[in-house]
Amino acid sequence: MSDSSVSVVIAYHSGYGHTTRMAEAVRDGAASVTGTTVELLPVDALTEEHWATLDAAHAIVFGSPTYMGSASPAFHTFAHDTSGRWYTQVWKDKVAAGFTSSGAMSGDKLNTLQYFTVLAAQHGMHWVNLDLLPGGGEGELNRLGGWLGAMAQSPGDGGPEMMQKSDLLTAAHLGQRVAEHTRLLHRARSLA
C-alpha cells in the first residue's frame with residue numbers, strides 16, 4: 001500500500017447471506033474510490049492474520065443482521081473480543097461506519113446501528129453517517145430513511161437474491177462515503 005492509499009476493512013456477520021450482499025455492495029462502493037483497498041472479513045472466522053489486518057486498516061465498517069433488536073450473537077462475540085484493542089486504543093482515530101439488514105421493515109435496525117456507533121466511540125473511532133435524505137420509496141437510495149448507516153429489508157422467506165436493489169445501492173453509497181472520508185482524514189494527517 002502506498003502512502004496515498006487507504007485500506008477499508010468490512011467486518012461483518014451474515015446469517016443467511018443478506019448481510020454478505022450488503023458487505024459486497026459496501027466493498028464495491030469503497031473500491032470505486034481511487035487508491036482504496038478493501039477487504040471483507042467475516043467476524044465468525046477471524047484468524048490472528050485477520051486481526052492484524054483490522055489493526056492496520058484505516059477504516060473499519062461493521063455489519064450484521066438485526067436479530068431480536070440488536071446485532072447477531074456472532075457479532076456481539078466479535079465486539080467482546082475487541083476489548084484488548086480497546087484497552088490499548090489500537091483502533092483510535094480510525095474511520096468507522098455500519099450497515100444492517102432484517103426481515104421486518106423496522107426490525108429495530110436503528111438499535112443495531114446505535115450499537116455499532118457506541119462500539120466505535122468506545123474505540124475512539126470517527127463515525128461516518130449516511131448523508132442521504134430519506135428516499136421516496138422503492139428504487140430510491142435510502143428508501144428506509146436511516147441516517148446512522150445503511151439499512152436493508154427483505155422478507156423473511158426471501159433469499160439474498162430477493163434484496164431490494166435500492167438497499168444495495170445505499171450500501172454502496174455508504175462504502176464510497178467511507179472511502180472518501182478516510183482519504184480526506186489520511187491526507188490531512190500526512191500534511192500535519
Side-chain angles (χ1 to χ4, degrees), residues 6-15 19-20 22-23 26-27 29-30 36-102 106-132 144 146-152 170-171 173-189 192:
V6 297
S7 62
V8 176
V9 174
I10 302 163
Y12 73 99
H13 174 251
S14 186
T19 311
T20 296
M22 287 189 79
V26 171
R27 176 200 60 205
T36 306
T37 61
V38 190
E39 187 165 346
L40 297 174
L41 290 181
V43 298
D44 54 348
L46 294 181
T47 65
E48 286 304 316
E49 182 180 328
H50 293 139
W51 283 107
T53 299
L54 285 161
D55 294 345
H58 294 99
I60 302 172
V61 183
F62 302 124
S64 171
T66 295
Y67 293 157
M68 303 304 290
S70 188
S72 68
F75 192 91
H76 277 271
T77 297
F78 161 75
H80 178 272
D81 290 346
T82 69
S83 61
R85 281 150 177 86
W86 165 81
Y87 186 74
T88 57
Q89 292 292 282
V90 172
W91 292 358
K92 183 177 181 176
D93 291 331
K94 292 183 186 298
V95 170
F99 60 93
T100 188
S101 63
S102 72
S106 168
D108 297 318
K109 288 184 281 293
L110 175 60
N111 191 53
T112 300
L113 293 173
Q114 289 171 330
Y115 173 75
F116 294 158
T117 62
V118 171
L119 176 64
Q122 288 173 334
H123 280 283
M125 302 170 85
H126 301 280
W127 188 261
V128 173
N129 61 23
L130 189 61
D131 65 331
L132 297 170
L144 298 177
W147 283 275
L148 281 184
M151 297 179 178
T170 301
H173 176 85
L174 178 66
Q176 180 179 346
R177 184 165 160 80
V178 166
E180 290 169 349
H181 279 263
T182 303
R183 290 188 57 75
L184 285 172
L185 187 57
H186 184 65
R187 188 175 310 128
R189 285 187 183 140

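Owing to the predicted nature of the structure, the values given are computational and were not obtained by experimental measurement.
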Approximate separation, where rounding is to 0.5 Å, of L174 CG and N129 CG: 9.0 Å
May I have the step-by-step check of side-chain hydrogen bond (donor to acceptor under 3.5 Å, both in side chains) for T37 and S7, ending in yes or no? CA-CA 5 Å; T37 61; S7 62; 4.8 Å; no
Among residues at least two apart in sequence or on other chains, which ones pass side-chain hydrogen bond (donor to acceptor under 3.5 Å, both in side chains) with T53? none
Taken in chain and number order and not counting sequence neighbours, the residues that satisfy ring-ring contact (aromatic ring centres under 6.0 Å, His included) with W147 are none
A171: side chain to side chain contact (heavy atoms under 4.5 Å, CB included) partners, not counting sequence neighbours: M22, A25, V26, A150
Could you work out, with ring-ring contact (aromatic ring centres under 6.0 Å, His included) as the rule, every residue matching Y115, not counting sequence neighbours? H76
The complete set of salt bridge (charged side-chain N to carboxylate O under 4.0 Å, His left out) pairs with one or both residues in residues 79-91, sequence neighbours excluded, reads D55-R85
Just to verify, what does H173 make a ring-ring contact (aromatic ring centres under 6.0 Å, His included) with, not counting sequence neighbours? none
Nearest 0.5 Å please: distance from the CG atom of L144 over to the CG atom of L110. 12.0 Å
For A120, what residues pass the side chain to side chain contact (heavy atoms under 4.5 Å, CB included) criterion, not counting sequence neighbours? F62, A96, M125, W127
Interatomic spacing from OG1 in T182 to NE2 in H58 - rounded to 0.5 Å: 8.5 Å
Enter the distance from N111:CG to T66:OG1 here, rounded to the nearest 0.5 Å. 8.0 Å
Contact summary for A30 and A179, nearest pair of heavy atoms: O-CB, 3.6 Å
Measure the spacing between CZ of R183 and OG1 of T36 and express it to the nearest 0.5 Å. 5.5 Å
Nearest heavy-atom neighbours spanning P73 and Y67: CD-CD1, 3.9 Å
Just grab all the salt bridge (charged side-chain N to carboxylate O under 4.0 Å, His left out) pairs involving residues 112-132, residues at least two apart or on different chains. D131-R177
One pair to check against side chain to side chain contact (heavy atoms under 4.5 Å, CB included): L54 and F78. What are the steps and the verdict? CA-CA 12 Å; L54 285 161; F78 161 75; 4.0 Å; yes
Check P65 against G15 and note the closest heavy-atom contact, atom names and distance. CG-N, 4.1 Å
What's the shortest heavy-atom distance between V178 and A97, and which atoms? CG2-CB, 3.4 Å
Pairs flagged by salt bridge (charged side-chain N to carboxylate O under 4.0 Å, His left out) wherever residues 38-51 is involved - sequence neighbours left out: none
CA sep, side-chain torsions, deciding dist, call: L119, W86, side chain to side chain contact (heavy atoms under 4.5 Å, CB included): CA-CA 9 Å; L119 176 64; W86 165 81; over 6 Å; no
Could you please spell out the steps behind the side-chain hydrogen bond (donor to acceptor under 3.5 Å, both in side chains) verdict for H13 and S72? CA-CA 7 Å; H13 174 251; S72 68; 2.8 Å; yes
With sequence neighbours left out, the residues meeting side chain to side chain contact (heavy atoms under 4.5 Å, CB included) with T20 are Y12, S14, E24
Tell me the closest heavy-atom pair linking T19 and S101, and the distance in Å. OG1-OG, 3.1 Å
Do you know the tightest heavy-atom contact between F116 and G98? CD1-CA, 3.9 Å
Test K109 against S102 for side-chain hydrogen bond (donor to acceptor under 3.5 Å, both in side chains), laying out the working first. CA-CA 7 Å; K109 288 184 281 293; S102 72; 2.9 Å; yes
Using the rule given for side chain to side chain contact (heavy atoms under 4.5 Å, CB included), can you reason through L130 versus F99, listing the C-alpha separation, both sets of side-chain angles and the distance that settles it, and then say yes or no? CA-CA 10 Å; L130 189 61; F99 60 93; over 6 Å; no
List in chain and number order the residues that pass side chain to side chain contact (heavy atoms under 4.5 Å, CB included) with L185, two or more places apart in sequence or in another chain; answer none if no residue qualifies. V95, H126, R189
For K94, check side-chain hydrogen bond (donor to acceptor under 3.5 Å, both in side chains) against everything at least two apart and list the hits. none
